[in-house]
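Just so you know, these numbers use all the heavy atoms, side chains as well, and skip hydrogens, waters and symmetry mates. Every number for a ligand or one of its atoms is a count from 1 in the order of the listing. Just so you know, these numbers come straight off a predicted model, no measurement behind them.
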Amino acid sequence: MALRAALRQKCGLIGILSQPSSSGSHSRVSAVLVSQMRNNATSPKIKVDFNQSTGVAVLSMQSPPVNSLSLDFLTELCISVEKLEMDRACRGLIITSSLPKVFSAGLDILEMYGKSPERCGEFWRAVQEMWLKMYSSNMVTIAAINGSSPAGGCLLSLTCDYRIMSDNPRYSIGLNETLLGIVAPFGTDKNIIKNTHTCSN
Ligand SMILES: CC/C=C\C/C=C\CCC/C=C/CC(=O)SCCNC(=O)CCNC(=O)[C@H](O)C(C)(C)COP(=O)(O)OP(=O)(O)OC[C@H]1O[C@@H](n2cnc3c(N)ncnc32)[C@H](O)[C@@H]1OP(=O)(O)O
């Protein structure tokens with residue numbers, strides 16, 4: 001019932017949220033999306049199963065070994081979400097992992113080492129685009145956290161409306177990136193524990 005209420009509430013916001021951004025911040029993803037649609041390419045890192053009868057899509061992250069959020073991965077993720085956003089029949093999105101034990105290991109550490117300033121800028125913009133796109137999605141979004149989800153993986157789950165995590169003591173979640181010297185901007189951890197529910201594995 002709560003989910004349905006949330007769905008109704010969010011559907012009412014579709015008109016506002018789907019207006020084009022004046023900042024142009026999504027232009028890179030849109031450009032990639034257009035070119036990908038033209039080429040009819042498929043993504044190997046992300047699998048999307050859309051159930052027409054329920055209006056719910058399941059997006060499975062399948063980028064071994066740990067679904068780390070590289071520039072390529074983030075771009076594909078945004079493209080997949082953008083495609084679903086454009087399908088008016090899709091009202092709900094569940095994000096999960098098809099890997100055992102890991103939801104997402106967070107930002108790809110290799111993207112933050114030995115890269116040019118231009119590449120670093122592109123990477124961090126992609127991070128920002130990902131969470132803005134997810135957070136402002138017109139779909140009801142749920143993170144089905146079926147494995148460890150540190151740092152950026154936690155951020156990804158925080159952008160969803162609901163989080164459900166496997167009740168397994170070997171799985172951890174949290175904004176632990178300060179251990180690497182990366183500081184989350186103020187306010188990003190506000191919902192971390194409050195809205196994270198657990199279920200049996
Ligand atoms: C502009 C921005 C605006 C707003 C941003 C807002 C907020 C920012 C907050 C978010 C910031 C996030 C920063 C990060 O995400 S930094 C990354 C932090 N992640 C970690 O520290 C995770 C480290 N990994 C682990 O804890 C474990 O690997 C894990 C529990 C996920 C899985 O353990 P398991 O035992 O199953 O596997 P491992 O043997 O440890 O690893 C397998 C291989 O995967 C490689 N690996 C692991 N994590 C990463 C990663 N994050 N990036 C790249 N590669 C990774 C690991 O090295 C192993 O590789 P091989 O040795 O096999 O080659």
Chemist: Under the 4.5 Å side-chain heavy-atom rule for ILVMFWY, direct or indirect, which residues accompany Leu99?
Modeler: none
Chemist: For ligand 1, which atoms, with element, lie under 4.0 Å from some heavy atom of Met112?
Modeler: 16 (S)
Chemist: Taking distance alone, with N or O pairs closer than 3.5 Å, would you say Gly152 contacts ligand 1?
Modeler: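 Right, the criterion is met.
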Chemist: Which of the listed options, Val66, Ile182, Leu158, holds the heavy atom that is closest to atom 28 (O) of ligand 1?
Modeler: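 Heavy atom nearest to atom 28 (O) of ligand 1 belongs to Val66.
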Chemist: Mind checking whether Leu155 has an N or O less than 3.5 Å away from an N or O of ligand 1?
Modeler: no
Chemist: Between Val102 and ligand 1, which residue portion shows a heavy-atom distance shorter than 4.0 Å: side chain, backbone, both, or neither?
Modeler: side chain
Chemist: Side chains of Asp87 and Lys83, heavy atoms from C-beta outward: is any pair under 4.5 Å?
Modeler: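 When only atoms from C-beta onward are counted, Lys83 and Asp87 do not touch, as no gap falls below 4.5 Å.
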Chemist: Is there a side-chain contact between Thr96 and Val58 in this structure, where contact means two heavy atoms from C-beta onward sitting under 4.5 Å apart?
Modeler: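 A side-chain contact exists here, since the closest heavy-atom pair is under 4.5 Å.
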Chemist: Number the atoms of ligand 1 from 1 as they appear, then name those within less than 4.0 Å of a heavy atom of Trp131, with their elements.
Modeler: 3 (C), 4 (C), 5 (C)
Chemist: Can you tell me if Ser104 and Asn67 form a side-chain donor-acceptor pair at under 3.5 Å?
Modeler: no
Chemist: Heavy atom to atom 22 (C) of ligand 1, shortest distance: which of Ser149, Ser70, Ala105 holds it?
Modeler: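 It is Ala105 whose heavy atom sits nearest to atom 22 (C) of ligand 1.
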Chemist: For atom 30 (C) of ligand 1, which candidate among Ser104, Ser148, Ser172 holds the nearest heavy atom?
Modeler: Ser148
Chemist: Look at atom NZ of Lys115 and say whether more than 12 heavy atoms of other residues, nucleotides or ligands are closer to it than 6.0 Å.
Modeler: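 More than 12 heavy atoms, drawn from other residues, nucleotides or ligands, come within 6.0 Å of this atom.
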Chemist: Taking heavy atoms and a distance under 4.0 Å, where does Asp108 meet ligand 1: side chain, backbone, both or neither?
Modeler: both
Chemist: Can you pull the salt bridge (Lys or Arg N to Asp or Glu O under 4.0 Å) pairs that have at least one residue in residues 138-148, sequence neighbours excluded?
Modeler: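 Listed once each, the pairs would be none.
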Chemist: By number and element, which atoms of ligand 1 are closer than 4.0 Å to a non-hydrogen atom of Gln128?
Modeler: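 What qualifies from ligand 1 is 1 (C), 2 (C), 3 (C).
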Chemist: Give yes or no for whether the N/O distance cutoff of 3.5 Å, strictly under, is met between Pro150 and ligand 1.
Modeler: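 No; every N/O pair is 3.5 Å or more apart.
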Chemist: Where's the contact between Leu179 and ligand 1, heavy-atom distance under 4.0 Å: side chain, backbone, both or neither?
Modeler: neither
Chemist: Determine, using heavy atoms of Glu111 and all atoms of ligand 1, whether some pair is separated by less than 4.0 Å.
Modeler: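 False for this residue.
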Chemist: Which atoms of ligand 1 have any heavy atom of Gly106 under 4.0 Å away?
Modeler: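 Those of ligand 1 that fall under 4.0 Å from Gly106 are 15 (O).
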Chemist: Identify the heavy atoms of Ser148 and Arg170 that sit nearest to each other, and give their distance.
Modeler: OG-O, 3.8 Å
Chemist: If I compare all heavy atoms of Ser157 with all of Phe103, which pair ends up nearest, and what's the gap?
Modeler: CB-CE2, 4.4 Å
Chemist: Between Leu69 and Gly153, which heavy-atom pair has the shortest distance, and what is it?
Modeler: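 Nearest pair, atom of Leu69 first, then Gly153: CD1-N, 4.5 Å.
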